[in-house]
Amino acid sequence: MATPLRPSFFDRPTPRVARELLGTQLRTWGPDGRRSVRLVEVEAYVARDPANHADRGPTRRNRSMFGPPGTLYVYRIHRVACANVVTRPGQAVLFRAGAPIEPERANPSGPGRLSRVLGLGIADDGRPIGDGRWEIVRDRPPEPAGRIALGPRVGVSRAAERPLRFAVRGDPWVSRPRPT
DNA sequence: GAAAAGATTACCT
DNA sequence: GGTAATCTTTTCC
């Protein structure tokens with residue numbers, strides 16, 4: 001009983017969407033078939049947030065962040081692609097880590113490795129959820145609040161103190177540094 | 001047009 | 001734990 005998340009799921013406050021994404025399955029389809037991970041770590045990028053790529057309005061890089069809820073936002077940092085899902089205009093949730101499902105031996109711990117495992121790249125920027133290329137499904141109840149660790153976001157130099165990182169407490173696939 | 005910074009990762013000691 | 005790799009986007013002059 002796997003329920004695909006619809007665009008309306010994402011049209012809610014970003015931190016709440018982020019929290020509820022923990023434990024869901026993120027799936028893609030590509031030349032090598034289906035790839036999937038179970039999300040164990042995400043970060044919220046919100047309004048009036050200096051760490052948010054969209055904080056200074058639309059640019060070429062972040063234009064997909066102003067698309068409808070459920071839009072995929074992929075950007076490159078150094079040599080790495082990182083994937084997000086848009087919630088409300090100019091806000092998104094970054095997929096930081098997952099537990100491997102398909103293939104079992106993959107290492108999706110870290111936003112770059114997660115995108116790599118799923119085959120997501122710049123070419124996928126702007127794709128709507130459920131378009132046949134990617135989807136998110138819920139196949140188990142949401143993680144209870146007591147099993148979620150909150151902490152500061154990783155690698156950001158501005159608004160670094162805001163607790164907008166969400167992770168499944170104690171999960172071995174959560175990336176470093178592990179939140180307490 | 002030039003320069004700096006970066007939502008990272010891999011590999012070093 | 002620290003740092004280099006590496007390259008695109010953004011920002012500033």
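Keep in mind it's a predicted model, so treat the numbers as computed, not measured. Order of the sequence lines sets the chain letters (A, B, ...), proteins ahead of strands, with each chain counted from 1.
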Pairwise C1' distance, C:dT9 and B:dA10 [rounded to whole Å]: 24 Å

Residue-level proximity of residues 36-61 of chain A to DNA chain C when a heavy atom falls under 4.0 Å: A:Arg56, A:Thr59, A:Arg60, A:Arg61

Six-ring centre of A:Phe166, A:Arg96 cation under 6.0 angstrom, axis tolerance 45°: no

Assigned partner base of B:dT9, Watson-Crick or wobble definition, under 3.5 Å: C:dA4

Atom pair CZ/OG1 of A:Phe9 and A:Thr87 - distance to nearest 0.5 Å: 10.5 Å

Over all atoms of both residues, closest heavy-atom pair of A:Ala92 and A:Met65: CB-CE, 3.7 Å

Salt bridge (charged side-chain N to carboxylate O under 4.0 Å, His left out) contacts touching residues 75-91 of chain A (sequence neighbours left out): A:Asp11-A:Arg88

Of residues 111-128 of chain A, the positions that come close to DNA chain B - non-hydrogen atoms, cut-off under 4.0 Å: A:Pro111, A:Gly112, A:Arg113

Atom-to-atom span, CZ of A:Arg63 to C1' of C:dT9 - whole angstrom: 13 Å

Salt bridge (charged side-chain N to carboxylate O under 4.0 Å, His left out) involving A:Arg165 - partner list, sequence neighbours excluded: A:Glu41

NE2-CZ distance between A:His53 and A:Arg61, expressed to the nearest 0.5 angstrom: 4.0 Å

salt_bridge(A:Glu102, A:Arg27) N-O dist < 4.0 Å: no

Cationic tip of A:Arg63 above A:Phe66 ring, under 6.0 Å, 45° of axis: no

Integer-rounded Å distance: B:dA7 P and A:Asn62 CG: 12 Å

Closest contact, heavy atoms only, A:Glu135 versus A:Pro4: OE1-CB, 4.3 Å

Same-atom distance (C1') from B:dC12 to C:dC7, integer angstrom: 22 Å

Closest approach of A:Thr14 to A:Ala44 (non-hydrogen atoms, all atoms of both residues): CG2-CB, 3.8 Å

Any residue of residues 66-88 of chain A with a heavy atom less than 4.0 Å from an atom of DNA chain C: A:His78, A:Arg79

Atom pair CG/CG of A:Leu114 and A:Asn107 - distance to nearest 0.5 Å: 10.0 Å

Distance-only donor-acceptor check, side chains A:Gln25 and A:Asp139, under 3.5 Å: yes

Contact residues, residues 153-168 of chain A to DNA chain B [heavy atom, < 4.0 Å]: A:Val154, A:Gly155, A:Val156, A:Ser157

A:Arg6 (side chain) donor-acceptor with A:Ile129 (main chain) under 3.5 angstrom: no

